[in-house]
Amino acid sequence: MSERVLGDNVLVTERKEAGETQTAGGIILSGDLSTGNKPALVLAVGPDVTDVKSGDVCYLKWSECLPVELEGVKCGIIAQEYIKMVVDA
């Protein structure tokens with residue numbers, strides 16, 4: 001089975017991360033789920049997406065995700081506008 005993300009939508013999954021991450025700009029991002037700040041891993045993007053690419057780690061508005069399960073992996077489909085930040089490695 002093959003999946004294709006449409007329009008400005010992005011397929012993401014929750015990124016399992018322990019502890020904290022610090023961005024190059026010095027912002028500390030908590031991996032603590034109690035804060036609601038769960039990082040996401042971008043799995044695929046639609047043709048109209050310009051700000052993220054597959055493999056990016058980002059923070060988004062999880063409440064706007066459409067939950068889906070692909071090959072046993074819990075994922076979400078979200079419009080690009082709800083992705084709030086991309087973490088540069």
For V86 and D51: C-alpha separation, side-chain torsions, deciding distance, then whether side chain to side chain contact (heavy atoms under 4.5 Å, CB included) applies. CA-CA 8 Å; V86 176; D51 296 330; 5.7 Å; no
Could you grab the distance from atom [atom1] of [X] to atom [atom2] of [Y], nearest 0.5 Å is fine?
X   : Y   : atom1 : atom2 : answer
C65 : K74 : SG    : NZ    : 14.0 Å
L66 : L11 : CG    : CG    : 10.0 Å
E69 : T13 : CD    : OG1   : 10.0 Å

E64: what forms a salt bridge (Lys or Arg N to Asp or Glu O under 4.0 Å) with it, not counting sequence neighbours?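 E64 satisfies salt bridge (Lys or Arg N to Asp or Glu O under 4.0 Å) with K61 once adjacent residues are dropped.
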Decide side chain to side chain contact (heavy atoms under 4.5 Å, CB included) for L60 and V12; before the verdict, give the C-alpha distance in whole Å, the side-chain angles of both, and the deciding distance to 0.1 Å. CA-CA 10 Å; L60 50 92; V12 297; 4.1 Å; yes
For W62 versus A40, what's the shortest heavy-atom pair and its separation?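 Taking W62 first and A40 second, the nearest heavy atoms are CZ2-CB, 3.6 Å.
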Tell me, with the steps shown, if I78 and V10 meet side chain to side chain contact (heavy atoms under 4.5 Å, CB included). CA-CA 5 Å; I78 190 162; V10 179; 4.3 Å; yes
Side chain to side chain contact (heavy atoms under 4.5 Å, CB included) against A79, all qualifying residues, sequence neighbours excluded: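 Partners of A79 by the side chain to side chain contact (heavy atoms under 4.5 Å, CB included) criterion, ordered by chain and then number, come out as D8, N9, E81, Y82.
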Taking only residues two or more places apart in sequence, or in another chain, which ones meet S54 in a side chain to side chain contact (heavy atoms under 4.5 Å, CB included)?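 Checked S54 against side chain to side chain contact (heavy atoms under 4.5 Å, CB included); zero matches.
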Closer than 3.5 angstrom, by distance alone: can the side chain of Q80 be matched with the main-chain N or O of T50 as a donor-acceptor pair?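 Side chain of Q80 to backbone of T50: a pair is present.
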